[in-house]
Engineer: 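Starting off with a structure, shown below.
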Amino acid sequence: DQMWAFLASMPGLQRRADSLEGAVDFAELVVVGRYVGVERGGLYGADATAVALIAVDTVAKGVPELGPDRLLRVEFVLVVGAQSYPEKEFADLQRSIPGDPALLYLFSWASYLELINGGLPAWEAREDLASIYKTIGGDGAMRIVDGRLVPPSYVDGWPTTLRGADVEAVLDSIQEQ
């Protein structure tokens, strides 16, 4: 639960939806996937990032831009206020990869920068932003345990209405939208 929560902890856009329909409308990509590894990200100002490598099991909305290894990349802030790349935190992260899949509501970093009207020069200089994703906010990753959704423990509101919902029924609902 903590690892999926970490992925959804990016600053800004912490809550962009009030319902499943709103989350699906806001996201450009909705998938069920599982962590298979992590890569080092970059150091942007005082923020150090890591990149979750996600094997996509099911696509409910959109067309994922996968890497040459057929994995989806989701970049997230690993440490705020880093002076250099946080090697210990990255090593801890590598040992914490969850086994459970998750339902992820995502959009590309290119779309995010467009949404916030830029302002992140180090990011904007990158050419991979259309193929690197972020969650829609703190409610952008819901763990799946035994075929049932488990919303993050730190959120309230709409995601909690999905607690215990059958993931296949939710995916059917998303695809009907």
Side-chain angles (χ1 to χ4, degrees), residues 1-18 22-23 26-31 33-56 62 64-69 71-143 150-159:
D1 190 35
Q2 290 178 342
M3 189 68 170
W4 287 117
F6 206 17
L7 186 69
S9 67
M10 285 298 293
L13 300 179
Q14 291 307 317
R15 195 61 172 276
R16 291 299 292 207
D18 294 323
F26 186 64
E28 62 185 287
L29 181 65
V30 181
V31 301
R34 16 180 119 247
Y35 264 99
V36 295
V38 290
E39 294 177 334
R40 282 175 175 72
L43 196 59
Y44 302 99
D47 295 340
T49 67
V51 180
L53 303 175
I54 308 291
V56 175
E65 184 80 32
L66 303 177
D69 52 8
L71 298 175
L72 186 72
R73 283 166 167 73
V74 181
E75 192 163 7
F76 59 99
V77 172
L78 177 60
V79 172
V80 174
Q83 301 299 315
S84 60
Y85 197 81
E87 297 299 333
K88 180 194 177 310
E89 288 84 351
F90 184 77
D92 291 345
L93 184 70
Q94 287 181 302
R95 290 188 294 272
S96 303
I97 294 174
D100 295 323
L103 178 60
L104 302 170
Y105 306 86
L106 306 165
F107 54 98
S108 70
W109 273 96
S111 296
Y112 174 69
L113 291 175
E114 189 175 301
L115 182 71
I116 65 168
N117 296 318
L120 300 174
W123 280 82
E124 292 174 43
R126 292 174 50 181
E127 295 184 16
D128 64 348
L129 296 177
S131 61
I132 304 290
Y133 293 88
K134 74 179 285 331
T135 62
I136 65 168
D139 49 1
M142 292 183 198
R143 213 166 38 114
V150 180
S153 57
Y154 60 87
V155 297
D156 56 7
W158 80 270

Engineer: Gly41 and Val51: which non-hydrogen atoms are nearest, and at how many Å?
Structural biologist: CA-CG2, 4.2 Å
Engineer: For residues Pro151 and Met142, report the shortest heavy-atom separation together with the two atoms involved.
Structural biologist: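 Closest heavy-atom pair between Pro151 and Met142: CA-CG, 4.1 Å.
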Engineer: For the CD1 atom of Ile132 and the CH2 atom of Trp109, what is their distance to the nearest 0.5 Å?
Structural biologist: 10.5 Å
Engineer: Applying side-chain hydrogen bond (donor to acceptor under 3.5 Å, both in side chains), can you list everything that pairs with Asp69, at least two apart in sequence or on another chain?
Structural biologist: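 Applying side-chain hydrogen bond (donor to acceptor under 3.5 Å, both in side chains) to Asp69 gives Arg73.
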Engineer: Is a side-chain donor or acceptor of Thr49 paired with a backbone partner of Gly42 at a separation under 3.5 angstrom?
Structural biologist: yes
Engineer: Grab the two heavy atoms, one from Ile97 and one from Val38, that are nearest each other, plus how far apart they are.
Structural biologist: CD1-N, 4.3 Å
Engineer: Take a 6.0 Å sphere around CD of Glu89 and say whether it holds more than 12 heavy atoms from other residues, nucleotides or ligands.
Structural biologist: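 Yes, the 6.0 Å shell around CD holds more than 12 heavy atoms from other groups.
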Engineer: Any heavy-atom pair between the side chains of Tyr85 and Leu78 that's under 4.5 Å?
Structural biologist: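 Result yes, sub-4.5 Å side-chain heavy-atom pair found.
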Engineer: Give the minimum heavy-atom separation between Leu43 and Ala48, together with the two atoms involved.
Structural biologist: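 In terms of heavy atoms, the two residues are closest at CD1-CB, 3.7 Å.
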Engineer: List the atom of Phe76, the atom of Ala52, and the distance in Å for their closest heavy-atom pair.
Structural biologist: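 That would be CE2-N, 3.8 Å.
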Engineer: Name all residues meeting the salt bridge (Lys or Arg N to Asp or Glu O under 4.0 Å) criterion together with Glu127; count only those two or more places apart in sequence or in a different chain, and write none if there are none.
Structural biologist: none
Engineer: Would you please name every residue forming a salt bridge (Lys or Arg N to Asp or Glu O under 4.0 Å) with Asp128, sequence neighbours left out?
Structural biologist: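 With neighbours one apart ignored, the set is Arg126.
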Engineer: Can you tell me how far apart CG (Leu113) and NZ (Lys134) are? Round to the nearest 0.5 Å.
Structural biologist: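 Going from CG on Leu113 over to NZ on Lys134, the span is 10.0 Å.
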Engineer: Only one of Leu104, Leu106, Val56, Ile136 passes side-chain contact (heavy atoms from CB on, under 4.5 Å) with Leu29; say which it is.
Structural biologist: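 Of Leu104, Leu106, Val56, Ile136, side-chain contact (heavy atoms from CB on, under 4.5 Å) with Leu29 is met by Leu106 alone.
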Engineer: Check for a donor-acceptor pair, side chain of Glu65 on one end and backbone N or O of Ala130 on the other, with a separation under 3.5 Å.
Structural biologist: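 No, the answer is negative, given that no donor and acceptor are paired below the 3.5 Å cut-off.
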Engineer: What I'd like to find out is whether the side chain of Val31 reaches to under 4.5 Å of the side chain of Tyr133, using heavy atoms alone.
Structural biologist: no
Engineer: Would you give the length of the straight line joining atom CG of Leu71 to atom CG of Leu66, rounded to the nearest 0.5 angstrom?
Structural biologist: 7.5 Å
Engineer: Of the non-hydrogen atoms in Ala82 and Val79, which two are nearest, and what is the gap between them?
Structural biologist: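 Answer, listing the atom of Ala82 first, then Val79: CB-CG1, 4.0 Å.
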Engineer: Between Tyr112 and Phe107, what is the ring plane arrangement, given parallel below 30°, perpendicular above 60°, and tilted in between?
Structural biologist: tilted
Engineer: Kindly indicate, with the supporting measurements, whether the criterion side-chain contact (heavy atoms from CB on, under 4.5 Å) is fulfilled by Arg40 and Glu87.
Structural biologist: CA-CA 9 Å; Arg40 282 175 175 72; Glu87 297 299 333; 2.6 Å; yes
Engineer: When rounded to the nearest 0.5 angstrom, what distance separates OH in Tyr35 from CD1 in Ile54?
Structural biologist: 5.5 Å
Engineer: Please walk me through it: do Phe26 and Tyr105 pass side-chain contact (heavy atoms from CB on, under 4.5 Å)?
Structural biologist: CA-CA 8 Å; Phe26 186 64; Tyr105 306 86; over 6 Å; no
